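Written below as structure tokens is the structure these notes are about.
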Amino acid sequence: MWRQDGETAARVKGFDAGPLRRPLRSLGTAWSAGLDLILPPEPLDGGPAPMSAGLSAAGWTRIEFLDDPVCDGCGLPFPYDQGLDVRCGLCMARPRAFQRARAACLYDEHSRDLILRLKHGDRPELGKLFARWLSRAAAPLLADADALVPVPLHRSRLFARRYNQAAEIARPLARQSDLAYLPGALVRGRATQSQGGKSGRGRRLNVKGAFAVPPSQRARIAGKRIVLVDDVLTTGATAEACAKALREAGAASVSLAVVARVREAATTPI
């Protein structure tokens with residue numbers, strides 16, 4: 001089976017693995033379709049059975065997906081179109097460490113349930129669903145990217161949870177986008193407290209200096225256009241700390257792709 005790093009190396013050496021991968025993908029698609037006929041897919045939201053793996057029809061209508069127009073800097077939805085590359089008042093007043101951001105949907109009671117199932121409910125398969133959402137919502141970022149990096153967990157939390165929810169999203173997203181997947185490029189060097197319930201300043205202090213690019217990984221980051229992948233964007237403190245570490249390691253640019261973001265009421269678009 002092809003590994004993402006092997007695909008990247010093959011392209012560097014001038015070998016095009018595309019013709020070999022495409023028949024395998026087609027075979028996998030046909031196998032999945034046949035399996036669905038024998039064992040109909042279960043809905044990921046607990047609703048009526050869908051035609052294919054994913055949400056029920058009612059589940060789809062409850063998710064508030066984000067389409068343009070949005071702030072180019074943080075993905076905040078705008079009430080009306082204001083032109084290309086427009087940024088909200090908050091992004092204009094205090095530029096972030098990450099260059100651009102996109103979110104697939106708003107973080108509310110409907111999307112939160114699905115995200116928490118992935119994060120704490122032992123449902124890593126939801127990562128593939130969210131990757132499909134982001135392949136559309138973050139298309140402008142992915143088109144300009146070289147590699148995807150998931151926001152890492154500390155090893156103690158990874159041991160308890162058994163998987164990193166950001167990695168479960170980033171891995172299939174990298175495969176779909178034909179981008180390098182660099183799960184070890186960024187590490188969380190110390191265990192941090194939960195960001196829940198903290199103020200914006202408290203969140204920034206909580207993750208300050210928590211992330212780093214290992215010396216052995218710096219060559220993979222230097223000069224690359226990175227898309228950082230996470231589940232939720234609230235104040236952006238975690239994403240900024242990660243972006244700073246990647247930029248200090250020589251990344252050409254860092255953008256952010258998240259499944260959901262909170263709606264910020266007190267933001268004036270410019």
Side-chain angles (χ1 to χ4, degrees), residues 1 4 28-29 31-66 75 102-138 142 148-177 181-184 186 188 191-197 227-234 238-239 242 256-262:
M1 182 175 292
Q4 189 66 33
T29 300
W31 169 258
S32 297
L35 190 61
D36 284 347
L37 291 175
I38 302 171
L39 299 173
E42 291 292 324
L44 295 174
D45 60 333
M51 295 297 292
S52 60
L55 302 182
S56 64
W60 279 109
T61 63
R62 287 192 291 264
I63 302 296
E64 190 169 350
F65 291 100
L66 297 179
R102 290 294 187 275
C105 64
L106 280 180
Y107 189 65
D108 56 20
E109 65 271 20
H110 304 299
S111 62
R112 179 174 63 243
D113 179 62
L114 285 172
I115 291 170
L116 291 181
R117 288 188 194 186
L118 168 66
K119 197 167 185 176
H120 302 296
D122 199 22
R123 296 291 300 274
E125 70 274 13
L126 282 164
K128 294 181 180 179
L129 174 68
F130 295 146
R132 291 199 298 270
W133 292 5
L134 278 177
S135 67
R136 177 177 178 272
L142 300 172
L148 269 63
V149 174
V151 171
L153 291 178
H154 186 262
R155 60 182 177 273
S156 60
R157 188 163 295 176
L158 181 61
F159 179 79
R161 195 175 294 174
R162 299 188 298 111
Y163 61 87
N164 176 5
Q165 73 277 2
E168 296 304 314
I169 301 166
R171 187 187 308 110
L173 181 60
R175 190 179 302 117
Q176 293 169 28
S177 307
Y181 171 56
L182 308 178
L186 191 64
R188 191 184 296 239
T192 56
Q193 298 176 359
S194 170
Q195 295 282 61
V227 172
L228 185 68
V229 179
D230 204 3
D231 52 0
V232 179
L233 173 65
T234 50
T238 298
C242 290
L256 174 67
V258 296
V259 177
R261 59 153 297 133
V262 299

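For clarity, every value in this text was computed on a predicted model and none was experimentally measured.
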- Using a strict cut-off of less than 4.0 Å between a Lys/Arg side-chain nitrogen and an Asp/Glu carboxylate oxygen, indicate whether Glu125 and Lys128 qualify as a salt bridge. no

- Item | Nearest-0.5 Å distance, CZ of residue Arg62 to CD of residue Glu109 | 10.0 Å

- Message: Heavy-atom count check: over 12 atoms from other residues, nucleotides or ligands less than 6.0 Å from Arg136 CZ?
- Response: no

- Task: Kindly compute the distance separating CD1 (Ile63) from CG (Asp108), expressed to the nearest 0.5 Å.
- Result: 6.5 Å

- Donor-acceptor contact below 3.5 Å, side chain Tyr163 vs main chain Leu118: yes

- Message: To the closest 0.5 Å, what do you measure between CZ (Arg117) and CG (Leu129)?
- Response: 11.0 Å

- Backbone N or O of Val259 within a donor-acceptor pair of the Tyr107 side chain at under 3.5 Å? no

- Shortest non-hydrogen pair, Ala137 vs Ala104, comes out as CB-CA, 3.6 Å

- Note on the structure: Across all chains, not counting sequence neighbours, the side-chain contact (heavy atoms from CB on, under 4.5 Å) partners of Ala103 are Leu66, Val258, Arg261

- What heavy-atom pair brings Ser111 and Leu106 nearest, and what distance separates the two atoms? OG-O, 2.7 Å

- Measure the CG-OG1 distance between Leu233 and Thr238 for me, rounded to the nearest 0.5 Å. 9.5 Å

- Query: What's the spacing between Leu153 CG and Gln165 CD if we round to 0.5 Å?
  - Reply: 5.0 Å

- Task: Could you tell me which non-hydrogen atom of Val227 sits nearest to which non-hydrogen atom of Ala257, and how far apart they are?
- Result: CG1-CB, 3.8 Å

- Could you pull out the closest heavy-atom pair between Leu148 and Ala170, with the gap in Å? CD2-O, 3.8 Å

- Taking only residues two or more places apart in sequence, or in another chain, which ones meet Lys119 in a salt bridge (charged side-chain N to carboxylate O under 4.0 Å, His left out)? Asp231

- Query: To the nearest 0.5 Å, how far apart are OG1 in Thr61 and NE2 in His110?
  - Reply: 8.5 Å

- Counting N and O atoms only, with roles assigned by atom type, does the side chain of Asn164 sit under 3.5 Å from a partner on the main chain of Leu158, one being a donor and the other an acceptor? no

- Item | Side-chain heavy atoms of Val151 within contact of Arg188, under 4.5 Å | yes

- Query: Can you name the nearest heavy-atom pair linking Pro150 to Leu228, along with the distance?
  - Reply: C-CD1, 4.4 Å

- Where do Leu142 and Ser135 come nearest, in terms of heavy atoms and distance? CD1-CA, 4.0 Å

